[in-house]
Amino acid sequence: MKSESTTPASESLNFIEEIIESDLATGKYSSILTRFPPEPNGYLHIGHSKSICLNFGLAQKYGGKTNLRFDDTNPVTEETEFVEGIIEDVRWLGFEPAQILYASDYFEQLYLWAKELISKGKAYVDFSSPDEIATQKGTPTTPGTANKYRDTSPEENLALFERMRAGEFPDGHCTLRAKIDLASPNMHMRDPYLYRIKHAEHHRTGNKWCIYPMYDWAHGQSDSIEKITHSICTLEFIPHRELYDWCIDTLGIFPSKQYEFARLNLTYTVMSKRKLKQLVEEGHVSGWDDPRMPTIAGIRRRGFTPESIRDFATRIGVAKRDNLIELSLLEFCIREDLNKRALRRFAVLSPLKVVIKNLPEGQTEWMETENNPEDAEAGKRPLAFTRELWIEQDDFMENPPPKYFRLAPGGMVRLKSAFIIRCEEVIKDSVGNLMEVHCTYIPESRSGQDTSGLKVQGVIHWLSASNAQQAEVRLYDRLFKVEDPAAEEDFKSTINPDSLQVITQAYIEPALAEAKAGERFQFTRLGYFCLDPDSTTTNLVFNRTVTLKDSWAKELKK
RNA sequence: UGGGCCAUGGUGUAAUGGUAACACAGCAGAUUUUGGUUCUGUUGUUCAGGGUUCGAGUCCUUGUGGCCCAACCA
């Protein structure tokens, strides 16, 4: 007898999970601690959500914890407003930090450690200009050269550094540099800057300091202070790792270790903070939370769910090679989530009037339709069927192509959850514009109790003109016309001019009137939509999150 | 051209010296009162050369290609 394995096939691990499992197995650590370390100088985007899901997800998986630590070492660019937005975004994604901390909490300790370094003769105050220092650093192929400040005595350096802190020098007058190796093939080891002078107000420490530590002097020590076991960052920090380790080793403090993974890139969008900022500041979008933006605030407003983003983060995986993920995967994730959860509603975005000639004015036939065919518990709702209706302009064609099975002259179509109608007459104005379509309905074809024996292929959505309400609907498309705008010489030249289409005269069913901002629906046959906070009681605004898959549109392209 | 990181279908990610697989995308079909959903089938993959080995996507080696590094940014 063939024995069936009793242990489930072990799921494959990404390279960081392998490291963690190894560290746990060897007893190097008994539990893990990760951190998500944003700089509060802008909004988080979906690339950050990969990092957030990774850091928090790892901790959850292995029974550890994750800190949210703001890397706030540059007072000039950082603001409290961003701190609050970032905390909100992390929580929205579904994660609660073990602690919310700030690199600025460690300024005093960092200062003390810098003095320790100076005392050991491993740091010096340099009065050279940035240009001079750049020149002295050499190039990747030629070693750097030392200047006279490199030989200043520790005692003198200590005094100088204290004067720096005391505010005796103006901005940029001098810096503190580590004394490491001017010939290192790693440019980051050629006596990197540790402190610079900035007489600037810090969002947390106010005017207490006028010297601020550089990233390399703050990050590893901050990790170490918090006893972070696995400090996970993106690939471009690989060359910094040698310096990260040098600082920790030289100070002899808790040895946090840095590991690097490839950041997320998504087709048809840009991910750099600088470029996103340009889009906002130059008015290409309405703001950081414009639903076309890849910011967490933007995709949240667009109608994405945190669950779908987490699912996406899982599906894209974690590795070290550069990647460009297709937007279609993100769209798949939100459709899959919303298909199961979103209530269905009827909406007509480009209305065409249909008059049911054999239904008297004032008569209402009440219909019933399911709120979500994927979820019987979602219940049903009533729909009024009246003489005058709205259907989608796309659902009628005077000269239909083959395989078109919606409404056409002389043809029949099923109004979903209602009756089959037959097109009897097309009404046009004097210049030939389509005005309305006159139809008859088949009374025996009532949905659910159809005795007509008629078979129609097409089913379309519709609204009673007598109780439909008006609403604004914003249709979004990709912000850029090319897959990788960042690879372009001028990324802005590839902006899609049709990324936003505003429909102010859409019709929605009455059941939508009580929708609350942020609520998500499927507009039957159209896509998933989310009520925008711009909505007022008299003007509801819906954002299209994503369309439904449309195999007819695909057919038409052939 | 100093150093570093990386190379598996169209896009991602697995395979940890032993039958190259999973997801998305694509294509075809079935079901469907959403041209949605669901289901079925299907196309297509190890950068190149050399070596080790009974056996290499995996190890070694030489190339090639991509990305990163010389901010008082992070």
Side-chain angles (χ1 to χ4, degrees), chain A residues 11-14 18 37-39 41 71-74 76-78 103 126 129-130 133-135 137-144 171-177 183-190 193-198 211-212 214-216 218-219 233-242 260 262 267 273-274 315-333 335-336 339-340 344 346 369-370 373-374 403-406 414-418 420 445 447-448 450 456-461 483 522-527 547-556:
Chain A
E11 71 182 286
S12 61
L13 306 175
N14 65 49
E18 284 182 354
E39 182 188 12
N41 68 345
D71 229 332
D72 56 349
T73 57
N74 186 353
V76 182
T77 55
E78 296 152 3
D126 195 327
S129 71
I133 291 177
T135 307
K137 270 194 184 176
T139 69
T141 50
T142 58
D171 284 8
H173 189 65
C174 56
T175 58
L176 182 72
R177 289 224 269 164
S184 173
N186 182 348
M187 297 300 290
H188 294 277
M189 299 300 278
R190 321 247 272 219
Y193 294 116
L194 264 26
Y195 275 91
R196 75 290 216 186
I197 298 171
K198 280 178 193 276
I211 57 170
Y212 291 93
M214 300 292 292
Y215 166 86
D216 288 303
H219 202 95
C233 61
T234 47
L235 256 28
E236 65 271 27
F237 288 95
I238 289 176
H240 293 254
R241 191 177 58 224
E242 190 179 356
E260 312 86 8
T267 56
K273 236 182 237 181
R274 195 190 109 255
R315 286 172 183 272
I316 58 177
V318 177
K320 299 190 77 156
R321 80 177 99 147
D322 293 326
N323 60 79
L324 183 59
I325 308 285
E326 290 178 346
L327 193 59
S328 60
L329 181 62
L330 216 210
E331 294 180 340
F332 167 82
C333 291
R335 286 191 187 111
E336 184 176 63
N339 174 52
K340 287 177 294 200
R344 272 57 170 173
F346 286 177
T369 189
E370 63 275 350
E374 304 294 317
K403 289 196 263 182
Y404 181 86
F405 40 83
R406 276 112 94 149
R414 158 79 62 182
L415 297 181
K416 182 170 169 60
S417 298
I420 292 173
S445 66
S447 191
D450 187 342
V456 296
Q457 266 200 108
V459 179
I460 63 174
H461 61 281
E483 279 203 329
Q522 183 195 108
F523 288 176
T524 300
R525 296 210 307 135
L526 297 175
T547 61
L548 257 24
K549 281 217 279 189
D550 189 349
S551 54
W552 172 240
K554 206 175 279 178
E555 183 71 29
L556 282 179

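Small disclaimer: the values here were computed from a predicted structure and weren't measured. Below, chain A is the first sequence line, B the second, and so on; all start at residue 1.
A donor-acceptor contact shorter than 3.5 Å is absent between the side chain of A:Thr175 and the backbone of A:Arg177.
Residue A:Tyr404 is in base contact, counting any heavy-atom pair closer than 4.0 Å across all strands shown. Using a 4.0 Å heavy-atom distance criterion, A:Ser328 is classed as a sugar-phosphate-only contact. Across all strands shown, A:Phe332 has heavy atoms under 4.0 Å from sugar-phosphate atoms exclusively, and none from any base. If you check every strand for non-hydrogen atoms under 4.0 Å, A:Ser417 touches a base. Within 4.0 Å (heavy atoms only), A:Asn186 reaches no atom of the nucleic acid at all. Among the protein residues, A:Gly448 comes within range of the nucleic acid bases, having at least one heavy atom under 4.0 Å from a base atom. Contacts of A:Arg344 with the nucleic acid, taken as non-hydrogen atoms under 4.0 Å apart, include base atoms. Contact annotation for A:Arg321: base contact, defined as any heavy-atom pair under 4.0 Å involving a base atom.
One cannot find a donor-acceptor pair under 3.5 Å joining the base of B:U34 and the side-chain atoms of A:Arg525.
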Practice problem: Let me have RNA chain B in dot-bracket notation, would you? Count Watson-Crick plus G-U wobble pairs, both distances under 3.5 Å, and use [ ] for pairs crossing earlier ones and | for inter-strand partners. | Solution: .((((((..((((....[..)))).(((((.......)))))....(((((..]....))))))))))).....

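Heavy-atom distances to RNA chain B give each of A:Arg241 and A:Ala262 a nearest nucleotide, and the one nearer the 5′ end belongs to A:Arg241.
Rounded to the nearest Å, the gap between the C1' atom of B:C59 and that of B:U46 is 15 Å.
Residues satisfying the side-chain hydrogen bond (donor to acceptor under 3.5 Å, both in side chains) test with A:His188, not counting sequence neighbours, are none.
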